[in-house]
Amino acid sequence: MSLFNVYPLNPIAITKAAGSRVWDDKGQEYLDMYGGHAVISIGHTHPHWVKRIEDQLHAMAFYSNSVIMPIQEQLATAINDVSGKKDFQLFLCNSGAEANENALKLASFHTGRKKIIAFKKSFHGRTSLAVAATDNPSIVAPVNETGNIIFLPFNDIAALQNCFAAQGKEIAAVIIEGIQGVAGIYEASISFLQAIRKCCDEAGAVYIADSVQCGYGRTGQFFSHDIAGVNADIYSMAKGMGNGFPIGAILIAPHIQAKFGLLGTTFGGNPLACAAALAVIEVIQKENLMALAAEKGTYLIGALKNTVGVTAVRGRGLMIGFEMEAGLEDLRKVLMNDCKVFTGEAKPNVIRLLPSLAITMEGIQLFLKSLNAAIQQLKQTHS
Ligand SMILES: Cc1ncc(COP(=O)(O)O)c(C=O)c1O
């Protein structure tokens, strides 16, 4: 074994996938309520997505960002259209961390300032500034430590206002997840997002909406932050954007101006990634997936609230977290090993559901049946 051992692995090798189903190398089928960590937006191996990538592969796989790329322009127009941010500009990269890294850097260039406000329990990625703005000291290397990040309590308007009152002219950006994912599914309140917009406007700071996990239609709106009815200055995206093909991006408000050399990347915006991302948007629109995500999410959240053994349910659309009563700590393991259902987790006691937006009602019913069976099984073991 020569892999660098950084992941605690489930002993399962997935070799085939379709829609919200995956199969291991022994042919065992699993229901995927985790979407490979919120990445599978339109369903595994969606035929339109496969064809778009295949066609692009045959036509032209790669050229550098030194020539005109019509497919990047098509993608920018499609994102303007699906997100409703008609006059925003697109910068393409390869991952969520890179998207946030570029967003933070751009905010600093734009304002000429250094300080960043981030929030307790946030996760923004593992590159240098993104990880510094992540509230988890165990993944911040000594070289990434900086005095430029101010961590404030989440959803605390007074703390935000006090910080701006004291240091407003030094603040380059506020970065916030619309729904904190890794933390265990906590929604930013509407009034908090509005307060961020107001503070940033007054101080000339940049509001960055980290939409890497909560965006791309998962909550029923393209960006979950849009629930507050105010625009951010920069939206970061990745995960669901390529349905498994690596791609990330930032969507930038028109008042932030580009300059040659300000940002750059070799692979960002490569034609294969753009083809995958265009396929995702085409399917989201054709299959009405945002509205369906909202509808199915509401149903699933309602059903979870009525499930015996579940003590708290949070989230919106198909970004859901729930907590269990004592004695059910092994629920996720039982779901995977005995019921053949993949879910996500957040320590210490949250199960995260991040299925494809195209999951069927049949898939949701199967999940609920499996959940009840797993809870029963655990309760019997303990009685
Ligand atoms: C909110 C959020 N931002 C950023 C990232 C980092 O994305 P990536 O792993 O693609 O670098 C993640 C990953 O989980 C995330 O959940």
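Counting convention: from 1, in listed order, for ligands and their atoms alike.
If you number the atoms of ligand 1 from 1 as listed, the ones under 4.0 Å from a heavy atom of Gln213 come out as 16 (O). Contact atoms of ligand 1 toward Gly125: 4 (C), 6 (C) (distance under 4.0 Å to a heavy atom of the residue). The ligand atoms of ligand 1 that sit less than 4.0 angstrom from a heavy atom of His124 are 3 (N), 4 (C). Taking a cut-off of under 4.0 Å to the non-hydrogen atoms of Asp210, the atoms of ligand 1 that pass are 1 (C), 2 (C), 3 (N), 4 (C). Counting atoms of ligand 1 from 1 in the listed order, those under 4.0 Å from a heavy atom of Asn100 are 3 (N), 4 (C). Counting atoms of ligand 1 from 1 in the listed order, those under 4.0 Å from a heavy atom of Val212 are 2 (C), 3 (N), 4 (C), 5 (C), 7 (O), 12 (C), 15 (C).
Side chains of Asn349 and Glu329: no donor on one and acceptor on the other come within 3.5 Å. Looking only at atom types and distance, the side chain of Asn231 has a donor-acceptor partner in the side chain of Lys85 under 3.5 Å away. In this structure, a donor-acceptor pair under 3.5 Å is absent between the side chains of Thr127 and Glu98. Remark: the Glu282 side chain and the His46 side chain contain no N/O donor-acceptor pair separated by less than 3.5 Å. Ser138 and Asn136 share a donor-acceptor pair across their side chains, judged by distance under 3.5 Å alone. For the 3.5 Å distance criterion, the side chains of Glu187 and Asn155 fail to qualify, holding no donor opposite an acceptor.
Heavy atoms of His37 come nearer than 4.0 angstrom to ligand 1 in at least one pair.
Close N/O approach between Glu177 and ligand 1 is not found [any backbone or side-chain N/O within under 3.5 Å]. Considering backbone and side-chain N/O of Glu98, none are found under 3.5 Å from N/O of ligand 1. Polar contact check, Gly96 against ligand 1: a nitrogen or oxygen pair lies under 3.5 Å apart.
Taking the six-membered ring for Trp and the full ring otherwise, Phe192 and Phe119 have centroids separated by under 6.0 Å.
What sits closest to atom 13 (C) of ligand 1 on the protein, heavy atoms only, is Lys239 NZ, 3.2 Å. Protein heavy atom at the shortest distance from atom 11 (O) of ligand 1 is Ala97 N, 2.8 Å. Annotation: atom 2 (C) of ligand 1 to nearest protein heavy atom, Phe123 O, 3.4 Å.
For atom 9 (O) of ligand 1, no protein heavy-atom neighbour is found at a distance under 4.0 Å.
A salt bridge does not link Glu54 with Arg52: every distance from a Lys NZ or Arg NE/NH1/NH2 to an Asp or Glu carboxylate oxygen is 4.0 Å or more. Salt-bridge annotation for Asp233 and Arg197: present, with a side-chain N of the basic residue lying under 4.0 Å from a carboxylate O of the acidic one. Glu29 and Lys16 are not joined by a salt bridge, as no carboxylate oxygen comes within less than 4.0 angstrom of a charged side-chain nitrogen.
Contacts between Thr127 and ligand 1 below 4.0 angstrom, taking non-hydrogen atoms only, are absent altogether.
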